[in-house]
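Working notes, beginning with the structure itself.
We're numbering straight along the sequence, starting at 1. Note that these values count all heavy atoms, side chains included, but never hydrogens, waters or copies made by symmetry. Keep in mind the model is a prediction, meaning the values are calculated, not measured.
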Amino acid sequence: MRLNKIKLKNIVLPISAAFLLTTATSCLKDLEREPITDQIGNNIYKDFSNYKNVLAKLYGGLAMGGQISGDGDQPDSDINGINGGFSQYTRLLYTLNVVTTDEAVIGWNDGNLHTMHKMTWDASNEFIAAMYYRVYTEIAYCNEFLRNVTDEKLGTNNITGDNLTQAKLMRAEARFLRAQSYLHAIDMFGNVPFVDESYSPAVTIPPARIERKALFNYIESELLAIVDQLKDPRTNEYGRADKAAAWALLARLYLNAEVYTGTQRNTDCITYCNKIIGAGYSLKPKYEDLFLADNNISNPEQILSVNFDGINTQTNGGTTYMVHAAVGGDMKAADYGINGGWYGLRATKSFVGLFPANGSDKRGRFFTQGQNLEINDLASFTDGYAFIKYKNIKSNGSPGAHNNWVEADIPLYRLADIYLMYAEAVLRGGAGGNQATAIGYINQLRERAYGNTSGNIASINLDFILDERARELSWEMTRRSDLIRFGKYTTGAYLWPWKGNVKDGKAVESYRNLFPIPTRDLIANPNLVQNPGY
């Protein structure tokens, strides 16, 4: 069945700054212009008709970065010290997990942005700090919702019948979203502050620091606890989490378990990949259709996405950023459904080299006219091929709803990634799968990419899987963690242009496998310890 896209309006939650963050509240602004009393918040939860709007804010925390169209500067940005568009959740994920790799460079010199691809960032970097606070803003949204939908409070507020059933489903979704943000925290920052809904916003004691392994165990336990409370795969509204989303997050957690805990969990990864594969998902026939303005329509591959519609989600992050920033030079903006390019993102020659030079792999969609393969000047848009991922064009060729705000959704989890995780976990020795099946899954991806069987392979190894993940999942915010898992992010085992601020690339310090805890938070919370090297 086709599920409708949630309209993610920028709903303001009735919480004050004390509720908003767990650590350095000075780095986040009140979501309201004046503090909101508990009484007003309690009144919202007495009326079940408000619940879906509040839930939409939890999902909307991934889609919007502020209170107004375009996300805004102060006081309209959710996070102090940085524009709301710059600090939108998926845009920051892209900056930290794609721009720091071979998949992309960016030509802008805003603040310390130029240090990201060069891998020369430090603890004062405002984009890293914004990612950290964006993660904790989302966790705070979820915690506040969860405080108000306990069994006790649902009973007190006389939420009964089908409304009670729906409220408990929403509660499980909020726990999923919180676990997902904690996965981002464990992946990018390691040992971090921890709070759940039991942490009282009224207390002045800073939250405790949780070790990476303990946080891994918490994320795992949360997902296992809620998975049966979520709707069956493909039965929830489009853009809302279901069992398959929880399985996908578990699979990703287990695939990276050795990085996070020192212990492989590849058998568990295969187990949850198999659950998803058996749930009735299938590949969308045309690869490029996955990234168009109507990618919410007839998409049997999508497990969960961050949704944009061009009208209710007018953000300078999201796919608006992904499309505009990738257009410049001789590219015609109208061909991508937009009113102009921002002359920012390009690909490195190392990434270009992962694809056949003859263009037979349709996933390697590069714009080369007027572009140089070599990047001699990071600030020059014409140095480096432009890469085409998203378009604000529908599959029938018509433009999106707005020529500035892009309406394509960003996939968080899709079947192709599950196929690739399954194959990698098999090669790493996980039980419950086999190489023949893995090769079959990979060849399904390659037949779609090539349009025939000419790209099919008869055998696979781990190096092939790493490259295939880049080809299939490019710009989907997985590259950094993939390279770390394979020991190639900071080491000299794989170099790309301007890695380490050297034109041909060089190894960098291993401590850069983690980003620093923002200096402001270390000052505000004496329980925290800076990551090594910073």
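With respect to D102 and R479, a salt bridge is recorded, a charged nitrogen being found less than 4.0 Å from a carboxylate O. The residues R363 and E288 are annotated as not salt-bridged, no charged nitrogen and carboxylate oxygen being separated by less than 4.0 angstrom. A salt bridge is defined here as a Lys NZ or Arg NE, NH1 or NH2 lying under 4.0 Å from an Asp or Glu carboxylate O, and R414 with E472 meets this definition. Using a cutoff of 4.0 Å between basic side-chain nitrogens and carboxylate oxygens, K284 and D289 are not scored as salt-bridged.
Aromatic rings of F515 and W121 (six-membered ring for Trp) have centroids within the 6.0 Å cut-off, being under it. Note: Y136 and Y132 meet the aromatic proximity criterion, with ring centroids under 6.0 Å apart. Aromatic ring centroids of F86 and F127 lie under 6.0 Å apart.
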- Residues F486, Y494; criterion ring-ring contact (aromatic ring centres under 6.0 Å, His included); working and verdict: CA-CA 10 Å; F486 281 78; Y494 177 47; over 10 Å; no
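Here M322 pairs with Y94, Y390, W475 under the side chain to side chain contact (heavy atoms under 4.5 Å, CB included) rule; sequence neighbours left out.
To the nearest 0.5 Å, atoms CD (E138) and CG (L177) are separated by 5.5 Å. A distance of 8.0 Å separates CZ in R485 from OG1 in T478, rounded to the nearest 0.5 Å.
Defined by atom type and a distance below 3.5 Å, a donor-acceptor pair is missing between the side-chain atoms of N274 and T271. Residues Y489 and T100 bring a donor and an acceptor atom of their side chains to less than 3.5 Å of each other.
Below 30°, between 30° and 60°, or above 60°: for W342 and W108 the angle between ring planes is between 30° and 60°, a tilted geometry.
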